[in-house]
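Take a look at the structure below.
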Protein chains: 2
Amino acid sequence: MEKSQEALVLLRQIFRSADMQEKEISRSTGLTLPQLMTMQALRHTAPITTGELAKEVSITQATVTSILDRLEKKGLVTRERGLEDKRKVWINLSTEGWELMKGAPTTQQDMFTRRFDDLQSWEQSMVIAALERVAFMLDAQHLDAAPMLDVGQIDRAEVGNK
Amino acid sequence: MEKSQEALVLLRQIFRSADMQEKEISRSTGLTLPQLMTMQALRHTAPITTGELAKEVSITQATVTSILDRLEKKGLVTRERGLEDKRKVWINLSTEGWELMKGAPTTQQDMFTRRFDDLQSWEQSMVIAALERVAFMLDAQHLDAAPMLDVGQIDRAEVGNK
DNA sequence: CTCAAATGTTTTGTTTATCGAATATTTAGT
DNA sequence: ACTAAATATTCGATAAACAAAACATTTGAG
C-alpha cells in the first residue's frame, strides 16, 4: 500500500475523532455545533468585534449575528457598542458563558494532554515534528490551486447489492 | 511552552486547513458542505443503503433523506428500491455524480500525495507513526469520558476594548 | 465644513440542515 | 398468522447559511 494513502487514512480517522468529540461536547453543553465553535473562538479572543469574530470562525457576518442573537438570548454572551468607534460592537462572554466554557472543554484538553504526556520525550518531539510537516502539506494558502482533503477507502465498491 | 500545547496548536492548524479546503471544493462544485460530505462518502462506499450512509456521515437518517432529495434533484445520485429486501433503498452516484467527484477531489488527493512523496522515506515513516499515535490519543471510543479538542491561544485576552 | 466613500453591523428573504416523532412498509421470529 | 424489529420517508420546528439591502457611523477630499 502507498505510504501516502496510509497517511491519508490516518488523517481521516483523526478528523473523524475530532468531529465526534465536538459533537459530544455540543450535546453536553446544549449548544449547537456552530454555537460551540463561536463560543470557543470567543473563549480565546474575547473581547472581539462581530466582524473579526466572523473571520475567526470563517462564516459571514450575517450568520455570526444570528448565532450571537441566540447565544445572547441564552445569556452566554454580551454585546456592547464601541465607545471610540460606535460602528463596532464588542462581543464578550458573560459570566455564565465563561462558566460553561470552563467545564467540558477543559476536560477534553486534559485528555489529550494526559495521553501525550504518557509518551516518551523523543516520541513527543517526533509527533510535533510530524505534525509540522502535515500542517505544511495541508496548507493550501501557499499553493497555486486550493486542493482538498478527501480521505477514506481507496477501493471502489463493486456494483450491485452487497 | 508545553509540548502538548504545541501539538494542540498544530492540530488546530491542520483542522483549519482541512476545513478551508473543504469549503473551497464546496464552492467550486456548487455543493453545500453536507452535500459534499455525502457525495464523498458515496464515492467510497456506493452503492449503499440510506441508513448505512447516515452512519457513514454521522447524521440521522431523516437528514440524509433530505440531502439525498436535493442531490437527486440535481441528478447527482440515484435511488433504487432493493430487490431482495424491499425496505432498503440503494443509493448510487449517477454518471454526472461520478464526473463531478472525479474533478476537484482528485486534484486534492494529488496535492497531499505530491508533497508527501517529496519527503524522505524515513520522514514518511515518521509521519505515519506519529499520526498513529495522534489517532490513538484522540480516539474517545476507548475512553471513559468522551473529551474534546479545543485548541488555540492559551492566553486569556485582557478585558476592555483593544 | 460638507458630502461622498468606506467601514461595521444588522435586517430581510430564501434555501438548506438538523433532529425527533410519527408514519408506512417489509421482514423475521415464534 | 401475529407481533416485533428493521428501514425509509414525511412532518413540524428550529437553526444555520448566505447574498443583498438597509442602516449607522466614520473618514477623507475638496
Side-chain angles (χ1 to χ4, degrees), chain A residues 19-20 22-42 47-74 76-92 161-162, chain B residues 19-20 22-42 47-74 76-92 161-162:
Chain A
D19 200 55
M20 280 166 44
E22 249 174 6
K23 281 191 180 171
E24 169 56 30
I25 302 288
S26 170
R27 270 190 297 273
S28 77
T29 55
L31 297 173
T32 66
L33 225 47
Q35 287 170 5
L36 176 62
M37 289 195 300
T38 303
M39 290 291 287
Q40 286 180 351
L42 282 173
I48 190 176
T49 64
T50 306
E52 287 302 312
L53 181 56
K55 278 185 209 156
E56 200 69 30
V57 292
S58 301
I59 52 181
T60 61
Q61 270 192 352
T63 303
V64 155
T65 294
S66 79
I67 291 175
L68 287 176
D69 286 344
R70 283 178 278 271
L71 290 176
E72 194 180 21
K73 198 183 299 180
K74 293 187 190 198
L76 297 177
V77 307
T78 62
R79 281 197 247 222
E80 197 183 346
R81 204 95 218 173
L83 299 179
E84 7 147 14
D85 187 339
K86 290 180 202 146
R87 291 172 303 179
K88 297 182 177 178
V89 172
W90 293 91
I91 314 296
N92 225 321
N161 291 1
K162 285 178 181 169
Chain B
D19 201 54
M20 281 166 44
E22 247 174 7
K23 280 193 179 168
E24 169 56 30
I25 302 288
S26 168
R27 270 189 296 275
S28 77
T29 55
L31 296 173
T32 66
L33 225 47
Q35 287 170 5
L36 176 62
M37 288 194 300
T38 303
M39 291 290 287
Q40 285 180 351
L42 282 172
I48 191 176
T49 64
T50 306
E52 288 301 310
L53 181 55
K55 278 185 209 157
E56 201 69 29
V57 291
S58 300
I59 52 181
T60 61
Q61 271 190 353
T63 303
V64 154
T65 294
S66 80
I67 291 175
L68 286 176
D69 285 344
R70 284 178 278 272
L71 290 177
E72 195 180 22
K73 198 184 298 182
K74 292 187 191 197
L76 297 177
V77 307
T78 61
R79 280 197 245 224
E80 195 183 347
R81 204 94 217 175
L83 297 179
E84 8 151 12
D85 188 339
K86 291 180 203 148
R87 289 171 306 180
K88 297 183 176 176
V89 171
W90 294 92
I91 314 297
N92 225 321
N161 290 2
K162 285 178 182 171

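Naming convention: chains lettered A, B, ... in sequence-line order (proteins, then strands); numbering from 1 in each chain.
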- Taking only N and O in the side chain of Gln61(B), is any of them less than 4.0 Å away from OP1 or OP2 of dG20(C)? no

- side chain to side chain contact (heavy atoms under 4.5 Å, CB included) between Ile67(A) and Thr32(A), worked out: CA-CA 10 Å; Ile67(A) 291 175; Thr32(A) 66; over 6 Å; no

- Item | Residues in contact with DNA chain D, drawn from residues 63-73 of chain B - heavy-atom cutoff 4.0 Å | Thr65(B)

- Minimum heavy-atom distance between Ala41(B) and Glu56(B), given as atom pair plus value: CB-CG, 4.0 Å

- Query: Quick one: are Met20(B) and Ile25(B) in side-chain contact, heavy atoms under 4.5 Å?
  - Reply: no

- Task: Starting from P on dT10(C), measure out to CH2 on Trp90(A) and report it in whole angstrom.
- Result: 13 Å

- Item | First encountered from the 5' end of DNA chain C, between Lys88(A) and Lys23(A) | Lys88(A)

- Item | OP1 or OP2 of dC19(C) under 4.0 Å from side-chain N/O of Thr60(B) | yes

- Message: Looking only at the side chains, is there a donor atom on one of Thr60(B) and Thr63(B) sitting less than 3.5 Å from an acceptor on the other?
- Response: yes

- Task: Mind checking Arg79(B) for me? I need base, sugar-phosphate or nothing, with any heavy atom below 4.0 Å counting as a touch.
- Result: sugar-phosphate

Please enumerate all protein N or O atoms sitting under 3.5 Å from an N or O of nucleotides 27-30 of chain C, with distances to 0.1 Å.
from    : atom 1 : to       : atom 2 : distance (Å)
dT27(C) : OP1    : Glu84(B) : O      : 3.1
dT27(C) : OP1    : Lys86(B) : N      : 3.1

- Sequence neighbours excluded, which residues qualify as side chain to side chain donor-acceptor pair (under 3.5 Å) partners of Lys74(B)? Gln35(B)

- First and last nucleotide of DNA chain D in contact with chain B, 5' to 3', at under 4.0 Å to a heavy atom: what are they? dA6(D) to dT10(D)

- Task: Would you mind reporting whether Leu76(A) and Glu72(A) have side-chain heavy atoms less than 4.5 Å apart?
- Result: no

- Report yes if the side chains of Asn92(B) and Leu42(B) come closer than 4.5 Å at any heavy-atom pair, otherwise no. no

- Message: Can you measure Arg81(A) atom CZ to dG8(C) atom P for me and round it to whole angstrom units?
- Response: 12 Å

- Message: Quick one, Lys23(B) and Ile59(A) - any side-chain contact, counting heavy atoms below 4.5 Å?
- Response: yes

- Arg79(B) versus Thr65(B): any side-chain heavy-atom pair under 4.5 Å? yes

- Expected output: side-chain Thr49(B) to main-chain Val89(B) donor-acceptor under 3.5 Å: no

- Given atom CZ of Arg27(A) and atom C1' of dC19(C), what is their separation to the nearest angstrom? 12 Å

- Query: Base, sugar-phosphate, or nothing: which does Leu33(B) touch, judged by heavy atoms less than 4.0 Å apart?
  - Reply: nothing

- Qualifying residue, where the test is side chain to side chain contact (heavy atoms under 4.5 Å, CB included) with Thr38(A) and the options are Val64(A), Val77(A), Leu53(A): Leu53(A)

- Query: Judged by atom type as modelled, is there a donor-acceptor pair below 3.5 Å linking the side chain of Ser26(B) to the main-chain atoms of Glu22(B)?
  - Reply: no

- Query: Residues two or more places apart in sequence or in another chain: which of them pass side-chain contact (heavy atoms from CB on, under 4.5 Å) with Arg87(A)?
  - Reply: Asp85(A)

- Angle by which the axis turns from one end of the helix from dC1(C)-dG30(D) to dT30(C)-dA1(D) to the other, five pairs per end, to 10 degrees: 10°

